[in-house]
Amino acid sequence: MELQATEVVKPEADQACGSHNQINMEDEAIGNLQFFEKNDWGTPIVIREKYLLKMLESLKQATEKPVKSRIQRVPYMLRENKELKKYCRPSVVAIGPIHHGHPNFEYGEKMKLILASNFLESHGIDAKVVYRQVYDNLAKLNMCYAEDVRKHFSDEALAWMFLVDGCATLHLIDCFVQDYPEHTDDGKLQRMNIAKEQVAFAGMDIFLLENQLPYELLELLISSVVGQREQEIIRVSISEFISLSNIFLKSARKSRKEATPPCHLLDLLREEILANFEKTKMIKPANIINEESPTFHNVKQLKVSGIQFKPSYTGSLEISFQQGFFSKLRLPAVIIDELFLSKVLSLVSYEKCPDFLNDKEVTSYICFMDSLIDHPDDVKVLRKSNILMNFFGSDEEIAQLFTRLGNELIPNPFLYANVRYEIEEHYRKTWQPWIYGVIKVFYDYWAMLKVGAVIAILLTVVQTYFSLPLHRTKP
């Protein structure tokens, strides 16, 4: 193709107004320079200068790497899944622009106004001053969102929304932590006529991907609080709230490593879960793709091979395997309920965001658990091992839950690769399941003998009791 520039010549007054002249007249208003590109047939194609510059700019923007992942909608395949989509949407309160104004959240809007008003009043903040601060930082805050979720709002509406939602979120977190663990009927939130049930749902909504607020906004609002001590109290409350919201059980509080500033509260929760998660132990093995690649075995199969299942209380994604005659697979202890499902879906949705480069840690954990759970009996074994605390439904529902989640996710094949290979090495020792089976039969046999012995003793006692002279009939 051939590209050349030419000057636009004004048509004479008596010239016919054909389509080519109309194009020239339109371009006269934006500049005299046009580009003519000839196709294979020699026909010129007009490319207007401003249009060309706009397209070149879009190419430049496409190659620019965003500093942080932007707040966006849940990926389509998850939010349109019939069984999962209700856990991707708010229950009580809409935070941020994505669900703002939806009629289902009218009560939530009233609750946010109450919380925001109390936050401003209790900390002596001038609402007009902080609104101006938010408005002045609006360009920076807007860049934290995908364009399609904020384009329907004016700057004034966005600034007001950020002010109310940010203050309400901070006050809800602060009051929740200060009332914990008692949560009596006369707590701070109850004195604002906010029911405990609504607080529970709001606490779940805070971590939804589509309900996130930029952390820069929260810091801006915290910095408006009068007094360094008061500011530090709020920051400590956020840290405590994140720790309490960890989906995994832990025996002691972990110290989270300070890294880059978080994008939002969901990002902060993910950092909490990944704290002390040693990915260096989960590197790619040398023989990851060969004839010895591990297969997936469910809990029942692994139990028959002599593997015992033990809970770990590190509060992280750490999974370890200890080889031996009675090998042990340690899995994070977790409470399975709707709160767990909501948070997990938000975390894996965040990891699936196209502009968020990560190692898919939470996604890989869910897929690992999915590979272990094929049947309700697998859930039963994990439940009896205190790894899964079931507050969700039946064992069959838990099995279906992990299957549904696993079907929508693609794990990082290198995470937990060493654990899988160690399990496979143990499983392929065919003599071990043999001996373990014999031992199991032996123990079962002795258990039956013990039960039989107890029954025999009880019958002997009963027989002896009724043979006493007291029970003999007189002739």
Side-chain angles (χ1 to χ4, degrees), residues 74 78-79 81-92 176 180-181 196-197 199-212 241-251 254 265-275 277 299 309 311-319 330-352 360-373 376 378-409 411:
V74 171
L78 289 176
R79 73 171 183 264
N81 185 298
K82 292 182 180 179
E83 289 82 11
L84 301 177
K85 63 181 181 181
K86 74 172 185 176
Y87 299 104
C88 301
R89 298 171 181 171
S91 301
V92 171
F176 180 89
Y180 185 85
K196 291 182 179 180
E197 180 183 2
V199 172
F201 282 120
M204 184 167 60
D205 290 342
I206 280 179
F207 290 108
L208 294 177
L209 175 62
E210 297 183 346
N211 254 8
Q212 293 308 298
F241 182 72
I242 295 296
S243 180
L244 292 170
S245 302
N246 194 329
I247 58 177
F248 299 110
L249 300 179
K250 51 189 174 181
S251 56
K254 303 190 306 292
L265 291 175
L266 180 62
D267 188 38
L268 201 57
L269 176 62
R270 185 172 177 273
E271 289 181 9
E272 168 78 12
I273 293 171
L274 297 185
F277 178 50
V299 169
F309 295 87
S312 67
Y313 297 97
T314 60
S316 74
L317 296 167
E318 191 77 29
I319 295 176
R330 296 191 180 276
L331 299 167
V334 61
I335 296 175
I336 305 293
D337 54 10
E338 296 209 348
L339 187 60
F340 166 83
L341 182 53
S342 175
K343 290 178 182 177
V344 160
L345 270 173
S346 294
L347 288 165
V348 299
S349 298
Y350 180 39
E351 291 184 345
K352 286 175 74 70
K360 303 288 192 295
E361 291 90 346
V362 179
T363 300
S364 300
Y365 160 77
I366 294 296
C367 292
F368 189 95
M369 294 299 294
D370 178 44
S371 69
L372 293 177
I373 299 174
D378 298 324
V379 177
K380 184 177 180 180
V381 172
L382 296 178
R383 182 167 50 79
K384 288 189 173 182
S385 301
N386 294 322
I387 293 170
L388 300 182
M389 289 33 139
N390 184 3
F391 291 90
F392 185 79
S394 64
D395 290 344
E396 184 175 358
E397 288 177 303
I398 297 293
Q400 292 174 353
L401 167 64
F402 278 100
T403 299
R404 286 197 298 268
L405 287 171
N407 288 341
E408 303 292 346
L409 304 176

Grab the two heavy atoms, one from [X] and one from [Y], that are nearest each other, plus how far apart they are.
X      : Y      : result
Glu397 : Ser394 : OE1-N, 2.7 Å
Asp370 : Phe402 : OD1-O, 3.2 Å
Ile336 : Ile398 : CG2-CD1, 3.2 Å
Ala275 : Ser316 : O-CB, 3.5 Å
Cys88  : Leu345 : SG-CD1, 4.2 Å
Ala333 : Met389 : CB-CE, 4.2 Å

Rounded to the nearest 0.5 Å, how far does [atom2] of [Y] lie from [atom1] of [X]?
X      : Y      : atom1 : atom2 : value
Ser346 : Leu208 : OG    : CG    : 4.5 Å
Leu331 : Asn386 : CG    : CG    : 12.5 Å
Asp267 : Leu347 : CG    : CG    : 9.5 Å
Glu271 : Leu269 : CD    : CG    : 10.0 Å
Arg330 : Tyr313 : CZ    : OH    : 10.0 Å
Leu265 : Ile242 : CG    : CD1   : 5.0 Å

Donor-acceptor pair, distance only, cut-off 3.5 Å: does the side chain of [X] make one with the backbone of [Y]?
X      : Y      : result
Ser342 : Glu338 : no
Lys343 : Ser245 : yes
Asn407 : Thr403 : yes
Asp205 : Pro90  : no
Glu351 : Val362 : yes
Asn390 : Gly393 : yes
Gln212 : Leu266 : yes
Arg79  : Val74  : yes

Open item on the list: With a sphere of 6.0 Å drawn around CD of Glu83, does it hold more than 12 non-hydrogen atoms of other residues, nucleotides or ligands?
Closed with: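 Check passes, neighbour count above 12.
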Report yes if the side chains of [X] and [Y] come closer than 4.5 Å at any heavy-atom pair, otherwise no.
X      : Y      : answer
Leu388 : Met369 : yes
Tyr87  : Asn81  : no
Ile273 : Glu361 : no
Ile319 : Pro332 : yes
Met204 : Ser91  : yes
Lys352 : Leu409 : yes
Leu405 : Val348 : no

TODO: Please name the residue in the list Val299, Asp395, Ile387, Leu372 that meets the side-chain contact (heavy atoms from CB on, under 4.5 Å) test with Val379.
DONE: Asp395
Open item on the list: Angle between ring planes, Tyr365 versus Phe248, binned at 30° and 60°: parallel, tilted or perpendicular?
Closed with: perpendicular
Open item on the list: Angle between ring planes, Phe207 versus Phe241, binned at 30° and 60°: parallel, tilted or perpendicular?
Closed with: parallel
Task: Ion pair Lys250/Glu272, N-O distance below 4.0 Å - done: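 A salt bridge is present here (some side-chain N lies under 4.0 Å from a carboxylate O).
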